[in-house]
Amino acid sequence: MAIINDLFSRFGPPAKTKFLLLGPPDFRCEKLMDRARSLNLEHVSPAKLMRSEISRRSGSAGLDEATTLAHLRRWFFARKPDAGFVLTDFPATLLQAKVFDEWLDARDEALSAVIPVGNGSLGPVVEHYRMLGLLVEADSLAA
């Protein structure tokens, strides 16, 4: 009997899986993203949440940290309890990571894994999640 290699098998029930992808996704996590789509996990990113806001603004539409946190907070607390998600490109700063941890605590939820992707400079954020024991290398999931 052949062994089924399931990317999500070590993270509990797939529908409740909660991932953070630190940095913009690249070709190395394509298999992970395909699997997340097949499980109907919600894929969220600050850019996606801000698109409608940006199109309504006149002039420059730069994202500042407070605006990003406000929009993501609205999404986080409006979603169904314990629903799975893949959150891409957030948190981008150590402050955002700590705020996101507080949101998870407030809802008594936990992340399944945090996966650094892309080539961004997120050293403090990566170290924060490494110290919490949540960091999983993207290459180990693609194997």
Side-chain angles (χ1 to χ4, degrees), residues 1-55 57 60-143:
M1 178 176 235
I3 297 174
I4 298 173
N5 186 11
D6 184 0
L7 294 171
F8 294 85
S9 62
R10 63 181 136 174
F11 300 119
K16 296 181 180 185
T17 302
K18 296 171 186 70
F19 284 116
L20 294 184
L21 297 181
L22 300 178
D26 62 8
F27 69 93
R28 292 177 297 163
C29 65
E30 184 176 327
K31 191 174 182 180
L32 173 67
M33 294 303 290
D34 288 343
R35 183 70 172 124
R37 280 189 216 71
S38 74
L39 295 172
N40 293 321
L41 294 176
E42 183 179 12
H43 180 191
V44 181
S45 71
K48 180 180 172 184
L49 291 173
M50 295 296 290
R51 240 179 238 129
S52 62
E53 174 95 9
I54 289 170
S55 65
R57 282 190 199 166
S60 86
L63 290 178
D64 64 342
E65 195 161 50
T67 304
T68 300
L69 283 170
H71 284 280
L72 281 161
R73 183 183 190 287
R74 188 176 310 130
W75 160 78
F76 184 79
F77 286 103
R79 54 182 257 288
K80 291 181 180 178
D82 217 21
F85 60 82
V86 177
L87 185 53
T88 307
D89 219 8
F90 180 87
T93 66
L94 187 55
L95 172 65
Q96 290 176 356
K98 290 181 178 186
V99 168
F100 190 67
D101 291 347
E102 289 176 9
W103 297 347
L104 289 163
D105 287 344
R107 286 186 66 157
D108 197 26
E109 294 184 68
L111 293 170
S112 302
V114 176
I115 306 162
V117 296
N119 53 6
S121 59
L122 297 166
V125 178
V126 171
E127 285 306 312
H128 172 74
Y129 287 112
R130 180 174 283 129
M131 286 177 39
L132 294 175
L134 292 169
L135 203 68
V136 176
E137 295 298 330
D139 297 336
S140 70
L141 291 175

Nearest heavy-atom neighbours spanning A113 and V136: CB-CG2, 3.8 Å

Minimum heavy-atom distance L94-P124, with the two atoms named: CD1-O, 3.9 Å

Over 12 foreign heavy atoms within 6.0 Å of CG, D108: no

R79 bridged to E109 by N-O distance under 4.0 Å: yes

Ring centres under 6.0 angstrom apart (W75, F90): no

Separation between CG of L69 and CD of Q96, rounded to the nearest 0.5 Å: 5.0 Å

Steps toward side chain to side chain contact (heavy atoms under 4.5 Å, CB included) verdict (D101, L132): CA-CA 11 Å; D101 291 347; L132 294 175; 3.8 Å; yes

Flag side-chain contact, heavy atom, 4.5 Å: Y129 against L111: yes

L22 side chain near I115 side chain, heavy-atom distance below 4.5 Å: no

Beyond-backbone contact of L87 with L72, side-chain heavy atoms, under 4.5 angstrom: yes

Donor-acceptor contact below 3.5 Å, side chain R107 vs main chain F76: yes

A97 versus P91, closest heavy-atom pair with distance: N-CB, 3.4 Å

Residue pair E127 / L135, side-chain heavy-atom distance below 4.5 Å: no

